[in-house]
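First the structure, in the form of structure tokens, and then the observations on it.
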Number of protein chains: 2
Amino acid sequence: MPADRPPTRIQKKNRAAILEAALNVFSAQGFRGATVDQIASEAGLSKPNLLYYFPSKEAMHNALLERLLDTWLDPLRELDAQGEPLEELLGYVQRKLQMSRDYPRESRLFANEILQGAPRIHAALTQELKALVDEKVAVLQGWMDQGRIAPVHPYHLIFSIWSLTQHYADFDVQVRAVLGEKDPFATAPDFMETLYRRLLTP
Amino acid sequence: MPADRPPTRIQKKNRAAILEAALNVFSAQGFRGATVDQIASEAGLSKPNLLYYFPSKEAMHNALLERLLDTWLDPLRELDAQGEPLEELLGYVQRKLQMSRDYPRESRLFANEILQGAPRIHAALTQELKALVDEKVAVLQGWMDQGRIAPVHPYHLIFSIWSLTQHYADFDVQVRAVLGEKDPFATAPDFMETLYRRLLTP
DNA sequence: TCCTGATTTGACCAACTGGTCAAAGTCACG
DNA sequence: CGTGACTTTGACCAGTTGGTCAAATCAGGA
């Protein structure tokens, strides 16, 4: 484990390579299913070398989760209380859908963690996540009270956006099995737009 | 491994206990995360005793998945081409939501399997599942063509029902972290009804 | 070029895990 | 109540896995 002086060029490169490989393996196999050897070979390093950069398998996992949570909440943070309500919401939906398309591994890593009961990020869920959602729900409720979007249960509205969009990353295999050759992401944005427009237009 | 004559009283009891325990453990930890010892102690039996009834850990998992897929598709099978379109669809949504409430372990077992790329049930997805969905999509398309429900992409419509309803089982921890004390299932049915009524009313 | 700290690795270990097996115990029925 | 089939288990094994360590190698500034 290198000293705590500024990271060297090699440290930066290897740490990044390890996290990249770890993301591949953890998102595909889950925490217990992943082995340090797998991650090592995926990263092109030896196992002891990995453990020189991260003190344990769990440390790699934690590093990924930590980085993830922020990224994951960004699209919601961008929801602007000053904007046009319906457009803001539709924008949020599309941003979230894009994340499923562009970062499916991150989505699956997160899904794996939640499925197992979120042992490592439960605190973050009840604190940062809940706080952010509560804040944005207040905005939504305001819009509904003003009649600018149709009234619906605001928490379930947000859950619905999460589940619908993440479904295309997390259940990718199933979606593709049913759809055959067709690309889900070609038609999904349009469906989402229709759905939320009809649901929320006052 | 008992002979293939009709199962004895003890066999029935123990096999059921094992599958029940295995469902608990697999759904909470995933296949790789679960250990035979865990399942054994949960079932109140010794490990060699488990392996007397099932030849391997994988056999227990397979037995669960096999039983699951049928149950899982039942709500969709019940969708009746002769019924009143909107009511049929709303009924399907509510049945699926009830399954998430009443069988969260099964939902998580399924989610785990799909997340890992469905290694064990991929064939079933592209065959039975796809066939059933294709059939029901034809029914939906018919209703849309007749103007009896609003036109939307029928496959995405079905995906949306799956993801929305299963979300409450698979992401239970997250939902409860955000909602606090409140019971998600108290308000979810009403939200779903509103959503699909607005989406599908012509 | 030399030196010091950073990096890499082969060999190894202890714990865990899925699975085996022979022997012991139990059940049900003639 | 005896007997053959069914059930249970303690002891064990081999493969895997996370992690350690001392020794070897490398990078770059003086």
Side-chain angles (χ1 to χ4, degrees), chain A residues 1-65 112-113 116 119-120, chain B residues 1-65 112-113 116 119-120:
Chain A
M1 27 185 131
D4 46 17
R5 60 196 80 189
T8 69
R9 177 181 54 89
I10 297 178
Q11 278 170 34
K12 274 192 215 167
K13 192 193 66 179
N14 283 348
R15 267 199 247 263
I18 292 169
L19 286 180
E20 170 72 13
L23 179 56
N24 275 336
V25 178
F26 282 135
S27 69
Q29 322 266 9
F31 180 75
R32 294 279 317 255
T35 76
V36 178
D37 272 312
Q38 260 178 313
I39 300 175
S41 94
E42 185 105 3
L45 299 171
S46 69
K47 181 169 63 165
N49 206 173
L50 282 215
L51 294 162
Y52 169 73
Y53 288 104
F54 291 89
S56 69
K57 176 182 167 183
E58 182 140 15
M60 301 175 209
H61 197 247
N62 285 342
L64 284 174
L65 283 181
N112 261 308
E113 173 69 8
Q116 317 295 317
R120 295 160 237 273
Chain B
M1 31 183 129
D4 46 18
R5 60 196 77 188
T8 68
R9 175 182 55 87
I10 296 178
Q11 278 170 35
K12 274 192 217 169
K13 192 193 65 178
N14 282 348
R15 268 199 246 262
I18 292 169
L19 286 180
E20 171 71 12
L23 179 57
N24 275 336
V25 178
F26 282 135
S27 69
Q29 321 265 7
F31 180 75
R32 295 278 316 260
T35 76
V36 178
D37 273 311
Q38 260 178 314
I39 301 175
S41 95
E42 183 105 5
L45 299 171
S46 69
K47 180 168 66 162
N49 205 174
L50 282 215
L51 294 162
Y52 168 74
Y53 288 103
F54 290 88
S56 69
K57 176 182 166 182
E58 182 140 14
M60 300 174 211
H61 196 246
N62 285 341
L64 284 174
L65 282 181
N112 260 308
E113 173 68 9
Q116 316 296 317
R120 296 159 235 274

Discussion item. Return the CZ to CG distance between Arg9(B) and Asn14(B), rounded to the nearest 0.5 Å.
Written reply: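 Arg9(B) atom CZ to Asn14(B) atom CG measures 9.5 Å (nearest 0.5 Å).
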Worksheet item: In chain order, what residues pass the salt bridge (charged side-chain N to carboxylate O under 4.0 Å, His left out) check against Lys47(B), with sequence neighbours excluded?
Response: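 So Lys47(B) forms a salt bridge (charged side-chain N to carboxylate O under 4.0 Å, His left out) with Asp37(B).
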Worksheet item: Checking only heavy atoms, does the side chain of Lys47(A) share a donor-acceptor pair with the base of dG19(D) at less than 3.5 Å?
Response: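 Donor-acceptor pair under 3.5 Å: yes.
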Round to a whole Å and report the spacing from [atom1] of [X] to [atom2] of [N].
{"X": "Leu51(B)", "N": "dC12(D)", "atom1": "CG", "atom2": "P", "answer": "19 Å"}
{"X": "Phe54(A)", "N": "dT20(D)", "atom1": "CZ", "atom2": "P", "answer": "15 Å"}
{"X": "Phe26(A)", "N": "dT17(D)", "atom1": "CZ", "atom2": "C1'", "answer": "13 Å"}
{"X": "Asp37(A)", "N": "dC13(C)", "atom1": "CG", "atom2": "P", "answer": "17 Å"}
{"X": "Leu45(B)", "N": "dG25(C)", "atom1": "CG", "atom2": "C1'", "answer": "16 Å"}
{"X": "Tyr53(A)", "N": "dT8(C)", "atom1": "OH", "atom2": "P", "answer": "4 Å"}
{"X": "Ile39(A)", "N": "dT16(D)", "atom1": "CD1", "atom2": "P", "answer": "18 Å"}
{"X": "Ile18(B)", "N": "dG19(C)", "atom1": "CD1", "atom2": "P", "answer": "14 Å"}

Side-chain N,O ([X]) to OP1/OP2 ([N]) below 4.0 Å:
{"X": "Asn14(B)", "N": "dT8(D)", "answer": "yes"}
{"X": "Gln11(B)", "N": "dC6(D)", "answer": "no"}
{"X": "Tyr52(A)", "N": "dT9(C)", "answer": "no"}
{"X": "Arg32(A)", "N": "dT16(D)", "answer": "no"}
{"X": "Asn49(A)", "N": "dT9(C)", "answer": "yes"}
{"X": "Arg9(B)", "N": "dA28(C)", "answer": "yes"}

Fill in: Stepwise side chain to side chain contact (heavy atoms under 4.5 Å, CB included) check, Lys57(A) with Phe26(A)
CA-CA 10 Å; Lys57(A) 176 182 167 183; Phe26(A) 282 135; 4.0 Å; yes
Worksheet item: For DNA chain C, whose closest nucleotide is more 5', that of Gly44(A) or that of Val36(B)?
Response: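 Nearest-nucleotide comparison on DNA chain C picks Gly44(A).
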Worksheet item: Are any of the side-chain heavy atoms of Met60(B) and Phe31(B) separated by less than 4.5 Å?
Response: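 Not touching, per the 4.5 Å side-chain cut-off.
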Worksheet entry | Nearest heavy atoms of Asn112(B) and Gln116(A), plus distance in Å |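 Smallest interatomic distance, heavy atoms only, reads OD1-NE2, 3.3 Å.
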Item to complete: Tell me what Ala34(B) touches on the nucleic acid: a base, only sugar-phosphate, or nothing, going by heavy atoms under 4.0 Å.
Response: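 Here Ala34(B) touches the backbone only, sparing every base.
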The side chain of [X] is closest to which nucleotide in this list: [options]?
{"X": "Pro48(B)", "options": "dT7(D), dT8(C), dC21(C)", "result": "dC21(C)"}
{"X": "Lys57(B)", "options": "dT9(D), dG18(C), dG19(D)", "result": "dG18(C)"}
{"X": "Thr35(B)", "options": "dG19(D), dT9(C), dG18(C)", "result": "dG18(C)"}

